[in-house]
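Below you'll find the structure, written out as structure tokens, and then a few comments.
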Amino acid sequence: NRPQSSHSKDRVAYCFNHDAGNFHYGQGHPMKPPRLTLTHNLVMNYGLYKHMDVFHTRRAFDEEIANFHSQDYIEFLKRVTPNNVNNFTKFLSRYNLGIDDCPIFEGIYDFCRLSCGGSLEAARKLTSGQTDLAINWSGGLHHARKSEASGFCYTNDIVLAALELLRYFPRVLYVDIDVHHGDGVQEAFYASNRVLSVSFHKYDGHFFPGTGSLDEIGTHLGKYYSLNVPLLDYIDDNSYAYIFKHVLSMVIETFRPGAIIMQCGTDSLAGDKLGTFNISVHGHGECVRFLKSFNIPLMTVGGGGYTIRNVSRCWTYETSIMANTPIPDVLPENEYMEYFGPDYRLNPPIVDNHLENANSRAYLDQLRIQIAEILRYMET
Ligand code: TV1
Ligand code: CA
Ligand code: ZN
């Protein structure tokens, strides 16, 4: 029932702003915006710009960010700096800022404007019919809430992009392959039947953010329009592809989305500093290839990813998939060559790390059955 693989005429809008990589969350913090610069450098050195429309995207305006976030929270983000933070102590706890995960760093709101600006631009390229596929690796910050920062995320570019797509498309599918649960996006559309949110994540009741069990299925009109695929440690390429393809085939057939937003967090890769999955760059990219094969307007955004050489490898590989342009495994000369040794390859094989996949076939089949059951109730 899956359409044939897409033809090569797909237009790809690659949305980027060089400034996005120039922010620092602070010493020792795992979130490193320079990974965006590293990714862009690899994409360019592979020559992928020849196969895409490259857009230097503008910052989002306050009014655009206010389509989801509250005015008082935006005002706070605009005003607070590392130097004046002492005047804002009362607000830090209200908005969940200033503690380790969500520090106040220099240019915090500028960073938010860049991340949101890129995802809004990507969405608009799809709604205007100017492109079939769009990319914003500086987006994907799926934990942010209306008036609250969470898990390294301050503003939710994905929710803004989904709202933009909803102006034109009756139904939008959100797919999240970051190792963490996409709680902020799920919550924003929890009572809506126009955005179906599907997150694959590690789930054991403790792993951040702690939500994402199979029984979070939505509420009111949105009941049956939130799907969660809770996974266990060290899932490998085969198991991940197995569950991902089965779930998404069922979802797309039932929900018939007009557009898809895919959050491609790379903390689901083997060897991530925070993640505990065991997926290769190739396996991660297969998920993008699979969603693209449905020939539905698709935008990919970034997200987590804390072993930055692998983040940039993976998003470069996924850019090549979007652009339908195979690229050699040997990395081109680039300004950051020292990051990629000793192999200097795009898809370094996962060395047999003896990590046992805790997701048995029986467990995955059980998930499949339970998800098929939820989808049976979805009004179509
Ligand atoms: C500063 C310095 C902050 C070192 C945070 C790992 C750090 C973490 C740090 C860290 C860290 C988390 C929690 C516990 C909630 C806390 C972009 C009660 C070595 C999308 C966000 C994970 C993931 C947050 C974001 C998590 C994304 N893990 N070192 N913090 N508390 N927070 O567990 O989904 O990838 O770890
Ligand atoms: Ca996820
Ligand atoms: Zn994550």
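Bear in mind that the values here come from a model prediction, so they are computed numbers and not experimental data. Basis for what follows: all heavy atoms, side chains included, without hydrogens, waters or symmetry-related copies. Ligands are counted one by one from 1 in listed order, and the atoms in each one are counted from 1 as well.
Annotation: the span from Ser199 atom OG to His181 atom NE2 amounts to 5.0 Å, rounded to 0.5 Å.
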Please tabulate, line by line, the atom pairs linking an N/O of ligand 1 to a protein N/O at a distance below 3.5 Å, with the distance in Å to 0.1, or answer 'none'.
unit_1: ligand 1; atom_1: 30 (N); unit_2: Asp101; atom_2: OD1; d: 2.8
unit_1: ligand 1; atom_1: 32 (N); unit_2: Asp101; atom_2: OD2; d: 2.6
unit_1: ligand 1; atom_1: 34 (O); unit_2: His142; atom_2: NE2; d: 2.7
unit_1: ligand 1; atom_1: 34 (O); unit_2: His143; atom_2: NE2; d: 2.7
unit_1: ligand 1; atom_1: 34 (O); unit_2: Asp178; atom_2: OD1; d: 3.2
unit_1: ligand 1; atom_1: 34 (O); unit_2: His180; atom_2: ND1; d: 3.1
unit_1: ligand 1; atom_1: 35 (O); unit_2: Asp178; atom_2: OD2; d: 3.4
unit_1: ligand 1; atom_1: 35 (O); unit_2: His180; atom_2: ND1; d: 3.3
unit_1: ligand 1; atom_1: 35 (O); unit_2: Asp267; atom_2: OD2; d: 2.9
unit_1: ligand 1; atom_1: 35 (O); unit_2: Tyr306; atom_2: OH; d: 2.5

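Taking the N/O/S atoms of Asp267 in turn, the shortest distance to the Zn ion (ligand 3) belongs to OD2. Here the N, O or S atom of His180 that is nearest to the Zn ion (ligand 3) is ND1. The Ca ion (ligand 2) is closest to atom O of Asp178 (considering only N, O or S atoms). When distances from the Zn ion (ligand 3) to the N, O or S atoms of Asp178 are compared, OD1 comes out shortest. Shortest distance from the Ca ion (ligand 2) to His180 is reached at O (N/O/S atoms only). Taking the Ca ion (ligand 2) as reference, the nearest N/O/S atom within Asp176 carries the name OD1.
Remark: Asp267 does not engage Lys202 in a salt bridge, criterion side-chain N to carboxylate O under 4.0 Å.
Inclusion of His142 in the first shell of the Zn ion (ligand 3) is not supported: no N, O or S atom falls under 2.8 Å. In summary, no N, O or S atom of Gly265 is located under 3.0 Å from the Ca ion (ligand 2).
Under the 6.0 Å cut-off for aromatic ring centres, Phe207 and His180 qualify, their centroids lying closer than that. Note: Tyr234 and Phe277 fail the aromatic proximity criterion, with ring centroids not under 6.0 Å apart. Here Tyr225 and Tyr174 keep their ring centres 6.0 angstrom or further from each other. Taking the six-membered ring for Trp and the full ring otherwise, the centers of His246 and Phe244 sit at least 6.0 Å from each other.
For Glu121, the salt bridge (charged side-chain N to carboxylate O under 4.0 Å, His left out) partners two or more places apart in sequence, or in a different chain, are Lys125.
Other residues, nucleotides and ligands contribute over 12 non-hydrogen atoms within 6.0 Å of the OH atom of Tyr336. With a 6.0 Å radius and a threshold of 12 heavy atoms from other residues, nucleotides or ligands, His220 has its NE2 atom at or below the threshold.
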